[in-house]
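Working notes, structure below.
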Amino acid sequence: MRILTRYIVYELLSVFLLTLTAMTAIVFLILVGKEAVEKGLGLVPLLRLLPYMLPQAMLFAVPGTMLLASTTIYGRISSSNEIVAVKSLGISPLVMVWPTLILATLASFATVWINDMAVSWGHGGVQRVVLESLEEIIYGRLRTTRSYSNDQLKLTVQRVYGKRLIEPTFLFYSAPNKPAWTVTADEAEIRSDAAAERILLTLVNAEIDFGGGGSISHPGPWELPISFGEFTGESGQSRSPANYALREIGPKKVEQARLIELMEQEMAADASYAIMTGRMFELAESGWQNRRQQVQYARITKHRFYTEPHRRWANGFSCLCFVMIGAPMAIRRRHGEFWGSFFACFLPILLIYYPMLVGCLDQAKSGVFPAPAVWLGNLVLAGWGIWLMRRVVRF
């Protein structure tokens, strides 16, 4: 038994590590290229991004690599009649499979940890590098396209000489339905202040139009501070529950529940006071609609905090579920070519598992389904894998 175990472990690890290296490198290059194109990063910021992008690349690569490695190994040993030889000795085929299931379980725990690190440490590191390189990003965009824009800001220039922006025009959008503020100047210079998380605009002979609400002029040099959020288009956005580490989610669930309770108590107290004092107009729909929306948003945030741990654990243990169907499927097909077995498993996963995962996740985040419903896709794969394994053992 030890010989068979060592044999399977050695073969699986050889294929898994080699394939994981190749797939991680491919996904890694795609993610880094995507950031470079979208953010306009130079060489130095890209090099700083590399360690933060690695967990994200491995998160995508590990489950697929486990499936590919299991179909490769068991397809080869089945085509060589090694499973038949084991059965002829009175040994259950499970002896050839359980080492892979143990390795897949360990890989699942590792994937959960990688997922947690990718969405907390990795995402935060990427955001920090982008903010610290914001000045370089802005100047890079302006030199190539002479414009820089997001949801809250649009900047155009006539020319760029070094750090000098010639005839710049800034459009600041404070709200979707309000006219933009327009700032024009003869020259401007952008300087990043990372410590204060702001951009300092040094304008020469600036004019400001408040969108029909008047205008003012600033002859000579004038310095205008603007937050990082207005240049990145993320102003006013709070930290998403998906970007918290698992150790932080527990306290945040308690904090969010207390916040909802406090908001509901305040609404009840205000309604009671309005009734007692006869100020019934304060109970009008227009005055309470915004507060109800805030409570509803807080409840959705609470559901997301409750769903997030289940999502990460379910994503991590997809490695085990993939192996549970990949190994018996490859044994039953008895072909040496692994691509056929791989796609025979991957297509149902793509068409059934991932739609179920996304659908249950969306419903759990909105509170329609309980948070453990995220595991439904994993349970379907596990059930399918158990059925396939019973067929391997019996026949």
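Fair warning: this is a prediction, and the values are worked out from it, not measured in the lab.
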Exercise for review: Answer yes or no: does atom OH of Y139 have more than 12 heavy-atom neighbours from other residues, nucleotides or ligands under 6.0 Å?
Suggested key: yes
Exercise for review: Please examine the side chains of I260 and K302, heavy atoms only from C-beta on, and report whether any two atoms are closer than 4.5 Å.
Suggested key: yes
Practice item. Take F317 and F109 through the ring-ring contact (aromatic ring centres under 6.0 Å, His included) test and state the conclusion after the steps. Key: CA-CA 7 Å; F317 273 82; F109 281 107; 5.1 Å; yes
Exercise for review: Rounded to the nearest 0.5 Å, what's the gap from CG on L381 to CE on M356? Could you check?
Suggested key: 8.5 Å
Practice item. Kindly compute the distance separating CH2 (W121) from CG (D116), expressed to the nearest 0.5 Å. Key: 12.5 Å
**Study point:** Sidechain-backbone polar pair: E167 side chain, D186 backbone, donor-acceptor under 3.5 Å
**Key:** no
Check your understanding: Any side-chain heavy atom of I300 within less than 4.5 Å of one from S366?
Key -> no
**Study point:** K34, NZ: over 12 other non-hydrogen atoms inside 6.0 angstrom
**Key:** no
Exercise for review: Describe, in one word, how the ring planes of F346 and F342 are oriented to each other, choosing from parallel (under 30°), tilted (30 to 60°) and perpendicular (over 60°).
Suggested key: parallel
Point to revise | pair Q56-M53: side-chain heavy atoms closer than 4.5 Å | key: yes
Exercise for review: Please name all residues satisfying salt bridge (Lys or Arg N to Asp or Glu O under 4.0 Å) with E223, sequence neighbours left out, ordered by chain then number.
Suggested key: R191
Review point. If every non-hydrogen atom of E135 is compared with every non-hydrogen atom of S192, which pair is closest and at what distance?
Key: OE1-N, 3.0 Å
**Study point:** Sidechain N-carboxylate O distance under 4.0 Å for E308, R311
**Key:** yes
Exercise for review: Any chance you could measure I83, atom CD1, to I77, atom CD1, to the nearest 0.5 Å?
Suggested key: 4.0 Å
Check your understanding: Which is it for R164 and E187 under the salt bridge (Lys or Arg N to Asp or Glu O under 4.0 Å) test, yes or no, and what are the steps along the way?
Key -> CA-CA 7 Å; R164 296 169 55 204; E187 293 184 12; 2.6 Å; yes
Review point. Are V119 and V358 in one and the same hydrophobic cluster, where Ile, Leu, Val, Met, Phe, Trp and Tyr link if side-chain heavy atoms are under 4.5 Å apart?
Key: no
Point to revise | Donor-acceptor pair between T156 and Y148 side chains, under 3.5 angstrom | key: no
Practice item. Given side chain to side chain contact (heavy atoms under 4.5 Å, CB included), test Y161 with I166 step by step and report yes or no. Key: CA-CA 8 Å; Y161 291 134; I166 308 302; 3.8 Å; yes
Practice item. Check whether any side-chain heavy atom of V97 lies under 4.5 Å from a side-chain heavy atom of I8, and answer yes or no. Key: no
Review point. Once you round to the nearest 0.5 Å, how far does CG of L357 lie from CH2 of W375?
Key: 10.5 Å
Practice item. Test side chain to side chain donor-acceptor pair (under 3.5 Å) on Y7 and E82 and set out the steps. Key: CA-CA 12 Å; Y7 170 63; E82 295 179 35; 2.9 Å; yes
Check your understanding: Can you tell me if T19 uses its side chain to pair, donor with acceptor, with the backbone of F16 under 3.5 Å?
Key -> no
Exercise for review: State, yes or no, whether a side-chain contact exists between W222 and L224 at a heavy-atom distance under 4.5 Å.
Suggested key: yes
Revision key, fill the gap. Of all heavy-atom pairs linking R143 and G162, the shortest is NH2-O, 3.0 Å
Review point. With no hydrogens and no angle check, is any side-chain donor or acceptor of T144 less than 3.5 Å from a backbone partner on R141?
Key: yes
Practice item. Would you sort out whether K252 and E255 count as a salt bridge (Lys or Arg N to Asp or Glu O under 4.0 Å), showing the intermediate values? Key: CA-CA 5 Å; K252 290 300 296 184; E255 179 182 335; 3.3 Å; yes
Review point. Taking it one step at a time, do V84 and V86 satisfy side chain to side chain contact (heavy atoms under 4.5 Å, CB included)?
Key: CA-CA 5 Å; V84 176; V86 168; over 6 Å; no
Check your understanding: So, the side chain of N378 versus the backbone of A314: is there a donor-acceptor pair under 3.5 Å, distance only?
Key -> yes
Review point. How long is the span from the CD atom in Q294 to the CG atom in L259, to the nearest 0.5 Å?
Key: 9.5 Å
Point to revise | Derivation of the side chain to side chain contact (heavy atoms under 4.5 Å, CB included) call for K365 and H303 | key: CA-CA 5 Å; K365 285 182 177 180; H303 292 314; 5.6 Å; no
Point to revise | Side-chain heavy-atom pair E207, I216 within 4.5 angstrom cut-off | key: no
Review point. Quick one: does T71's side chain have a donor or acceptor within less than 3.5 Å of a partner on L68's backbone?
Key: yes
Point to revise | Heavy atoms from other residues, nucleotides or ligands near NZ of K253 exceed 12 (cutoff 6.0 Å) | key: yes
Review point. Is it the case that one hydrophobic cluster holds both W98 and Y74, taking links as side-chain heavy atoms less than 4.5 Å apart, direct or via other members?
Key: yes
Exercise for review: Determine yes or no for a side-chain-to-main-chain donor-acceptor pair under 3.5 angstrom, with E248 supplying the side chain and A245 the backbone.
Suggested key: yes
Review point. Is the backbone of P241 close enough, under 3.5 Å, to the side chain of R304 for a donor and an acceptor to pair up by distance?
Key: no
Check your understanding: Closest heavy-atom contact between A382 and M324?
Key -> O-CE, 3.7 Å
Practice item. For S70 and V323, indicate whether the former's side chain and the latter's backbone hold a donor-acceptor pair under 3.5 Å. Key: no
Review point. Would F343 end up clustered with I352 when hydrophobic side chains under 4.5 Å apart are linked, directly or stepwise?
Key: no
Review point. Can you check side chain to side chain contact (heavy atoms under 4.5 Å, CB included) on T111 and N315, steps first, answer last?
Key: CA-CA 8 Å; T111 304; N315 282 341; 6.0 Å; no
Exercise for review: Tell me whether I138 is reachable from V204 by hopping between hydrophobic residues (I, L, V, M, F, W, Y) whose side-chain heavy atoms are closer than 4.5 Å.
Suggested key: no
Check your understanding: Would you say R128's side chain and H123's backbone share a donor-acceptor pair under 3.5 angstrom?
Key -> no
**Study point:** Where P93 and K87 come nearest, the two heavy atoms and their spacing
**Key:** CG-CE, 3.3 Å
Point to revise | Contact check, side chains of L171 and W181, non-hydrogen atoms, under 4.5 Å | key: no
**Study point:** Which atom of L59 lies closest to which atom of I114, heavy atoms considered
**Key:** N-CG2, 4.0 Å
Check your understanding: CG/N243 to CD/Q127 distance, rounded to the nearest 0.5 angstrom?
Key -> 8.0 Å
Check your understanding: Is any side-chain heavy atom of Y306 less than 4.5 Å from a side-chain heavy atom of P370?
Key -> no
**Study point:** Shared hydrophobic cluster, I331 / L89 (ILVMFWY, side-chain heavy atoms < 4.5 Å)
**Key:** yes
Review point. Is atom OH of Y10 surrounded by more than 12 heavy atoms (other residues, nucleotides or ligands) closer than 6.0 Å?
Key: no
**Study point:** Residue that, paired with R333, satisfies side-chain hydrogen bond (donor to acceptor under 3.5 Å, both in side chains) out of S78, S341, S79
**Key:** S341
Exercise for review: Search all heavy atoms of M263 against all heavy atoms of A298 and return the closest pair with its distance.
Suggested key: SD-CB, 4.2 Å
